[in-house]
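Here is the structure we will look at, set down as structure tokens.
This structure is a prediction, so every number in the text was calculated from the model and none was measured.
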Amino acid sequence: MASRKGQDNKQLTKRDREKKQEGKTDRRLSFSAPLLTQKQEIDHQNVSDSSSQSPKESENLSPKSLPKRKLTSKDYSSKELHSYLESCFERQLDKIKNGIHEGLMEFKTELIQLEKKFKQNEEKLEALEFQQVSADDNMRKANQKIAELELKIADLEDRSRRNNLRIRGIPESVNNDILQDHITELLVQLGIQMTNPLNSLERCHRIMKPDFVAQGEPRDVMICCSTYKMKEQALKAAKLIKLNDPYTNIIIFPDISYYTRAKRKPFAL
């Protein structure tokens, strides 16, 4: 009797161990249970009952009405799992491919738009360069025209001053009342015959002091001769004749425009 009880206990322990192992495998494989569709669940669960049911009863069995349960390793084979996983991987791969394709199409459209904008900017840049070239050409022509006009204006101004002389060195003590008599005596020393009716002074007055003249120096005197010949004779005599006192420090030079003086300045060196 004792030996039979021991054998029964051994058989029970073996059954318990098998149940425990089945439970462990069920837990390991329970993660794959949602992977099986409800159609496969119906097929595995109702293989024996499908033949006995009528067509109407089989139609009334919907996937939603079937009870859910955990699947074990006995409910499917390794080939089915392999094929199902393969189909899942293919679906995921298709999704990834579609996502990559959509991203590439969006990138392609953006690239096309950028290319259009780049071409538009190139056309605008070419138009601006053409306008810049034409503006530079017009500016060059305008500067050339301004230079010609300045030269003509300076020539007209110099012609209006052709009979003028500037005299530097006459002290400020010689006021305007005796200034013309003082200048007449200077011209007589230069050898100009003031008794001749053609030789006379039309104007005689002081002018503003230039910036380069020292502060204590007297202002220049500008005279307008009646003829150009009288003016040229006075200039030549000032270079040759040594004047007596009080005209020893006198400097006589022609009255020309500022533009002509600026053009002549580089030649002074």
Residues in salt bridge (charged side-chain N to carboxylate O under 4.0 Å, His left out) contact with Arg91, at least two apart in sequence or another chain =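 Once residues adjacent in sequence are excluded, Arg91 has no partner under the salt bridge (charged side-chain N to carboxylate O under 4.0 Å, His left out) criterion.
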
About how many Å separate [atom2] of [Y] and [atom1] of [X], when rounded to the nearest 0.5 Å?
| X | Y | atom1 | atom2 | result |
| --- | --- | --- | --- | --- |
| Glu217 | Arg168 | CD | CZ | 9.0 Å |
| Ile167 | Asn164 | CD1 | CG | 11.0 Å |
| Ser226 | Met194 | OG | CE | 7.5 Å |
| Ile183 | His205 | CD1 | NE2 | 11.5 Å |

request  = Evaluate the side-chain contact (heavy atoms from CB on, under 4.5 Å) criterion for residues Ile192 and Met230: first the C-alpha distance (whole Å), next the side-chain angles of each, then the deciding distance (0.1 Å), finally the verdict.
outcome  = CA-CA 7 Å; Ile192 298 173; Met230 176 184 172; 4.3 Å; yes

Quick check: does any side chain N or O of [X] sit under 3.5 Å from a backbone N or O of [Y], one acting as donor and the other as acceptor?
| X | Y | answer |
| --- | --- | --- |
| Lys231 | Leu165 | no |
| Asp155 | Leu151 | no |
| Asp137 | Val133 | no |

task = Return each pair, listed once, that meets ring-ring contact (aromatic ring centres under 6.0 Å, His included) where at least one residue sits in residues 100-124; pairs must be two or more places apart or across chains.
result =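 Those involving residues 100-124 do not exist here.
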
key: ring-ring contact (aromatic ring centres under 6.0 Å, His included) partners of residues 154-203, not counting sequence neighbours, each pair once   =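 Listed once each, the pairs are His182-Tyr247.
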
Any chance [atom1] of [X] has more than 12 other-residue heavy atoms, nucleotides or ligands included, within less than 6.0 Å?
| X | atom1 | value |
| --- | --- | --- |
| Lys263 | NZ | no |
| Gln193 | CD | no |
| Asn249 | CG | no |

key: Evaluation steps, side-chain contact (heavy atoms from CB on, under 4.5 Å), between Glu157 and Thr260   = CA-CA 10 Å; Glu157 189 176 354; Thr260 305; over 6 Å; no

Heavy-atom check, side chain of Lys108 versus side chain of Leu104, under 4.5 Å =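 In short, these two side chains do not touch, never coming nearer than 4.5 Å.
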
message = For a 4.5 angstrom cut-off between non-hydrogen side-chain atoms, does Met208 reach Arg219?
response = no

query = Between Leu187 and Asn199, is a side-chain contact (heavy atoms from CB on, under 4.5 Å) present by the stated rule, with each step listed?
reply = CA-CA 10 Å; Leu187 294 175; Asn199 297 333; over 6 Å; no

task = From the options Arg261, Arg162, Arg166, select the one residue that forms a salt bridge (Lys or Arg N to Asp or Glu O under 4.0 Å) with Asp255.
result =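 Filter result, single survivor: Arg166.
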
query = Just checking, any donor-acceptor pair under 3.5 angstrom between side chains of Glu102 and Asn98?
reply = no

key: Evaluation steps, side-chain contact (heavy atoms from CB on, under 4.5 Å), between Ile252 and Leu190   = CA-CA 11 Å; Ile252 301 174; Leu190 292 175; 3.8 Å; yes

